[in-house]
Amino acid sequence: MTNPTYDVVVIGSGPGGYVCAIRAAQLGLSVACIEKDATLGGTCLNVGCIPSKALLESSELFHRAGKEFKKHGILVEPSLDLPTMLARKDKIVSQLTRGVAGLFEKNGVTTYTGLGRFKSAREVEVVVDGQVAATLSAGAVVVATGSSVAELRGVTMDGERIFGSTEALSLPEVPEHLVVIGAGVIGLEMGSVWARLGSRVTVLEYMPVVFPGADADISKQAQRSFRKLGLKFKLGVAVQGATVTDSGVTVTYTEKGAEQTIDCDRVLVAVGRTAHTEGLNGAAIGLEGDNRGRLEIDDHFRTAVGGVYAIGDVVRGPMLAHKAEEEGVAVAEILAGRAGHVNYDAIPSVIYTHPEVASVGKTEEQLKEAGVEYAVGRFPFMANGRAKAMEGTDGFVKLLSDAKTDKLLGAHVIGPMAGELIGELTLAMEFGASTEDIARTCHAHPTLSEVIKEAALDANGRVIHI
Ligand code: FAD
Ligand code: NAD
């Protein structure tokens, strides 16, 4: 029997893989996508971006109803129906994963459910229950196998008391005391969810700041806001281990050289993610991982093996769904003989806490280190009418521009709807705009986006409203 043959076989149906498959099919290529899990959409749709945002939204409403509605003259006493909250999240996930299946059908992408395993560079087996169910021949293979939760030495995740982000999306009850290891994106998004629902949350972080790598002003402001929510931080501490006891978990860590312990009832391990290449049999065809296990690629997403490409979390760069999508489109266009390209200087990043945190481009620390002369424009949400009307005055916009040319080099927003506001600033960066361009653009009143305009005016020494 001859193998089914496709121009492109994509392994993995996350935002990198499914977008690549659809774009390649749109460009006239015959495409198959192999997914090992029962539903399409990868980490992002099933256990990442979407369910976490659903819970962030629900928990924020619950929190505001309890703490903020009275400021608006609305008197309610909310009580929590956790099963309904979790079911709403699951429903959204299932609608969206079925949506990807529908898009595959519409675009003529053939789906294979099973583990994708290289037989040779141009042949991929689909393995179901340990048996080869099909062998696909491919003109090109795109590896989009994503990432998995990173483990922490000394801390064994049992999935119940000590767990990663997936279980944190479906806890059966609100923990009395949740310890979060890692003050990065997952730690603070999921820590916020459970804190808003009533958990005491303590965050243990190895570095001396929250969101290490963010612009330092943003990270300081974020920590202040999280403290207001009630999160406790132990920064600059190294977790050594965690032991499940009869009553919960004891976490051991060192602080300034001294060993300390903290008791809690559950522990979320959120110390990063690692590239996922398990089961792929990549080594057999010569696929190389770098020192962090990520597949090495060149500027055109080509691995060292002819005909094999890789995109998304399994390769270098930020582990973000939209970065994976951009790479998926670019590689599909390259495979169709077009010029696919990703501008890595203009990839926004959003943290969906309250306040939201969003950035694009360079931080002030990166500009200093690179010896670039820069100007700073800042404006607080406190001085913005819409933010006041929304009770969303915590935070500011900070713009960094080239001191000589005024070109926007970096933009950082902490405040209400920061994730939406960063769109304008990303477009500005993509177009090579200056802060003068932003300052001269009419922004509707009263909107949060006026804070961006004022920050741009500030960069030019002519702020109006402060
Ligand atoms: P993935 O989405 O991980 O998809 C890889 C797919 O490949 C999976 O379905 C996997 O089952 C499949 N696979 C793996 N190996 C094989 C194989 N051998 N054969 C067949 N199939 C295989 N990013 C954002 O941009 N915004 C957010 O708000 C956000 N929130 C997040 C929240 C959480 C809790 C987590 C964990 C992540 C979040 N991320 C977010 C990150 C985002 O989910 C990832 O960057 C994104 O999913 C990466 O896409 P990908 O296509 O590279 O890989
Ligand atoms: P992260 O890299 O954002 O944060 C991990 C944190 O753990 C860091 O602050 C690190 O210093 C700390 N850490 C590492 N080892 C430690 C130790 N032994 N003790 C204490 N702290 C330790 O990783 P994450 O939060 O797990 O998220 C993983 C990836 O998922 C990120 O790269 C992110 O891009 C992606 N993600 C994105 C979003 C979003 O875009 N909104 C949301 C969730 C996840």
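Positions are given from 1, in the same order as the sequence printed here. Values below: every heavy atom of this structure, side chains too, minus hydrogens, waters and symmetry copies. Counting starts at 1 for both ligands and their atoms, following the listed order.
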Please tabulate, for the side chains in residues 252-260, all donor-acceptor contacts under 3.5 angstrom to protein atoms that are two or more places apart in sequence or on a different chain.
| from | atom 1 | to | atom 2 | distance (Å) |
| --- | --- | --- | --- | --- |
| Thr254 | OG1 | Ala238 | O | 3.4 |
| Thr254 | OG1 | Gln240 | NE2 | 3.1 |

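Ordered by chain and residue number, the residues placing a heavy atom less than 4.0 Å from ligand 1 are Ile11, Gly12, Ser13, Gly14, Pro15, Gly16, Gly17, Ile34, Glu35, Lys36, Asp37, Gly42, Thr43, Cys44, Val47, Gly48, Cys49, Ser52, Lys53, Gly114, Leu115, Gly116, Ala144, Thr145, Gly146, Ser147, Ser165, Ile186, Arg273, His276, Leu280, Gly312, Asp313, Met319, Leu320, Ala321, His322, Ala324, Tyr352.
Distances below 4.0 Å separate heavy atoms of Ile181 from the following atoms of ligand 2: 19 (N), 20 (C). Here is the list of ligand 2 atoms found below 4.0 Å of a heavy atom in Met207: 11 (O).
Residues satisfying the side chain to side chain contact (heavy atoms under 4.5 Å, CB included) criterion with Ala25, sequence neighbours excluded, are Val31, Asn107, Val109.
Within the 4.0 Å heavy-atom shell around ligand 2 one does not find Pro318. Residue contacts with ligand 2: Ala238 is excluded, as none of its non-hydrogen atoms falls under 4.0 Å.
One option in Met190, Lys323, Met319 has a heavy atom closer to atom 34 (O) of ligand 2 than any other, and that option is Met319.
Using a 4.0 Å cut-off between charged side-chain N and carboxylate O, Glu327 and Lys323 make a salt bridge. At a threshold of 4.0 Å, the pair Glu364-Lys398 counts as salt-bridged, since one of the basic side-chain nitrogens sits closer than that to a carboxylate oxygen.
Residue pairs meeting the side chain to side chain donor-acceptor pair (under 3.5 Å) criterion with at least one partner in residues 276-289, sequence neighbours excluded, are Ser148-His276.
Classified by interplanar angle (parallel below 30°, tilted 30° to 60°, perpendicular above 60°), the ring pair Tyr6/Tyr112 is perpendicular.
Distance remark: protein heavy atom not present below 4.0 angstrom from atom 31 (C) of ligand 2.
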